[in-house]
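Can you read through this structure? Questions will come right after.
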Amino acid sequence: MPTTTPAIDVAALTKTYRSRHRTVRALDGLDLRADAGTVLGLLGPNGAGKSTTVRILATLALPDPPAHGDRPGARGGTARVAGFDVVREAASVRRRIGYVSQRPVTRAMDTSRENLELAGRLHGLGHREARARAAELLDVFGLAGSADRLVRTYSGGMARKLDVAVGLMHSPAVLFLDEPTTGLDPEARAELWAELSSLAQASGMTVLLTTHYLDEADRLADQVVIIDHGRAVTSGTPDQLKDQLHGDGLTVDLASAEAATAAARIAADVAGLREITVDGSRLRARATAGASVIPTLLGVLDAAGLPVLAAGIARPSLDDVYLHHTGHAFDAGNGQARQEVAA
Amino acid sequence: MSALTHTAMLTARAQRSTMRVPVFAVMQIVQPLIWLLLFGQLFTSVVEIPGFATPGTTYLEFITPGVVMMTAMFGAAWAGTGIVEDSERGVMDHLLASPASRVAIQVSSLVWYSVVAAAQALVVLAVAWLRGARFDVAGIPVMLLGVVLLTCVFAAMSNAVALLTRQQQALIGISQGLTIPLMFLSSAVMDTRLSAGWVEAAARFNPFDWAVVAGRQALSATPDWGLVWGRLALLAALAVVMTALATSAFRAYRRAA
């Protein structure tokens with residue numbers, strides 16, 4: 001395989017879920033590409049199509065069947081992993097990937113050693129190889145001391161590390177991690193990040209990571225693609241994405257939507273504020289130096305007799321990048337980036 | 001080759017899950033004994049009805065093969081719960097994204113449920129023996145073959161339903177809705193020649209009754225071997241069809257994903 005072949009190559013991928021009552025287009029012409037040995041972060045709110053993408057790439061779901069008039073054999077776009085088509089060459093793909101879903105990939109009533117060894121053997125490792133590799137990974141993830149305990153006795157952080165270890169047993173060419181740290185406490189998350197980033201650097205494998213935490217992608221990903229409504233909205237390195245947004249995001253909560261609209265007219269005259277939008281009773285704006293503009297803004301709103309319930313300044317977050325690209329906000333549990341200040 | 005290795009490893013895993021819940025393992029042994037002793041006490045005198053079974057057979061001897069097959073069928077109907085549990089976690093997805101053979105995933109479940117059912121059958125026979133029932137020992141391996149085939153039919157069916165519904169309640173509802181009527185539309189606890197004509201007719205198309213008839217004949221003093229092998233052949237054919245259906249249910253699982 002020439003080195004120019006991308007480890008993940010997705011073009012115009014579509015996936016439609018049909019039930020009796022409604023039709024949902026989960027992927028709507030998605031394009032993605034990850035070079036071998038890199039970490040690609042797939043960011044987006046819940047329902048954006050992240051997991052659907054990973055499920056198709058891991059051969060667990062099929063893209064849409066071909067539309068009328070397509071050339072025979074074409075489906076809703078193409079997806080190749082490690083050089084193989086995920087529909088026509090699924091068996092070859094399965095030998096080369098590791099898949100860690102959002103839900104635990106281990107059996108609760110088996111020990112972690114049993115889970116690891118079984119995963120290794122199913123991928124064709126010999127008995128001894130599987131034993132040795134399991135011991136090695138238990139060591140790397142700091143689980144050696146509890147290797148023979150049932151997984152159901154594990155904490156969330158330990159169980160998640162074990163999931164990642166299971167995905168690594170056969171040293172896959174491409175590893176899929178679907179929201180590896182969702183639901184973990186900050187300490188466990190930081191620990192897993194440290195392990196993932198050293199692994200990704202050392203092994204030369206390609207990693208596709210989905211997340212709705214910008215800081216996670218920031219820490220781990222070489223390239224980030226933001227998707228929404230099943231399409232890539234923007235892509236680049238984490239720094240490029242943040243640089244697209246100049247300065248901090250400001251939010252001011254007012255008593256009502258009318259008050260927010262009135263406040264937006266007043267804020268338009270405040271020097272240093274840009275991209276002023278109203279979202280219900282919340283006013284949003286951007287400013288190069290948020291901390292120095294906010295007292296001015298609060299001052300003029302007070303003078304205009306508009307009571308402020310809360311105000312905040314935040315460093316650019318996924319929410320802001322997302323808002324910038326799509327013009328609407330989403331709630332995906334990434335609010336902790338914003339520091340609310342009581343007014 | 002790899003399909004065989006995968007089957008062995010996945011069977012070992014199924015064995016671990018059973019053994020790690022001791023209450024469950026104990027219940028699997030105790031439950032058939034409850035059936036045996038309960039039905040045995042409940043209907044002791046039905047053998048006195050003229051025309052019931054072979055003269056000289058005690059009711060305990062009559063129902064022992066029935067209880068053996070009931071235990072096998074009811075046990076196998078639970079096979080799919082393992083698949084639902086694995087799908088509720090990410091375990092099934094992980095298996096399906098790995099090179100694990102789909103056939104091995106099915107067959108390992110059938111193998112383990114067959115081992116359990118055969119062990120239960122031997123326990124039932126032993127207890128019936130202790131309570132005075134007498135059988136032709138030479139027929140026991142043939143009866144066990146019936147147990148295995150019946151288990152494969154219903155475990156594969158349960159696995160297929162599990163892959164299609166992916167819900168414990170739906171699976172248990174469908175399994176019970178099917179197995180309980182099948183049990184009563186058979187000669188397991190009652191000679192169908194004494195039932196309504198339509199019950200006797202229905203029993204002829206009931207795979208559960210095929211197993212009961214084959215088992216009872218095999219254990220009797222003068223087996224009708226033509227009947228035994230005929231019924232076992234029907235069961236074997238159905239087991240193959242059900243296993244193929246259950247394996248192809250993985251495709252439906254992937255399409256629905």
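All values below come from the heavy atoms of this structure, side chains included, with hydrogens, waters and symmetry mates left out. So that the names make sense, note that chain A is the first sequence line, chain B the second, and so on, each numbered from 1.
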Determine which residues belonging to residues 82-95 of chain B lie within contact range of chain A, meaning some heavy atom pair is under 4.5 Å apart, and list them by number or answer 'none'.
B/G82, B/D86, B/S87, B/E88, B/R89, B/G90, B/V91, B/D93, B/H94, B/L95

So which of A/R107, A/R95, A/R103, A/M109 has the biggest tally of heavy-atom pairs under 4.5 Å with chain B?
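When all of A/R107, A/R95, A/R103, A/M109 are compared, A/R107 has the most.
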
Identify which part of A/I56 has an atom lying under 4.5 Å from any heavy atom of chain B, answering side chain, backbone, both or neither.
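When you check distances to chain B, no heavy atom of A/I56 falls under 4.5 Å.
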
Indicate yes or no: does B/R16 engage A/D110 in a salt bridge with an N to O separation below 4.0 Å.
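Here B/R16 pairs with A/D110 in a salt bridge, since their nearest N and O are under 4.0 Å apart.
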
Checking heavy atoms, do the side chain of A/A108, its backbone, both or neither come under 4.5 Å from chain B?
both

Minimum-distance pair of heavy atoms, taken over all atoms of B/A97 and A/A58
CB-O, 3.6 Å

For the pair A/R121 and B/T5, evaluate side chain to side chain donor-acceptor pair (under 3.5 Å) and give the outcome as yes or no after the intermediate values.
CA-CA 9 Å; A/R121 303 281 326 262; B/T5 324; 5.8 Å; no

Tell me, yes or no, whether the heavy-atom count around A/R149 atom CZ, taken from other residues, nucleotides or ligands under 6.0 Å, exceeds 12.
yes

Between CZ on residue A/R55 and CG on residue B/L96, distance to nearest 0.5 Å:
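Between A/R55 CZ and B/L96 CG, I get 9.0 Å after rounding to 0.5 Å.
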
Nearest heavy atoms of B/L10 and A/L118, plus distance in Å:
CD2-CD2, 4.3 Å

Can you tell me how far NE2 of A/H123 sits from NE2 of B/H6, rounded to the nearest 0.5 angstrom?
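Here the interatomic distance stands at 9.0 Å.
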
Within residues 112-126 of chain B, contacts to chain A at heavy-atom distances under 4.5 Å involve none

Minimum side-chain heavy-atom gap A/R94-B/S98 below 4.5 Å:
no

Do B/R20 and A/E114 sit within salt-bridge range, that is, some charged N less than 4.0 Å from a carboxylate O?
yes

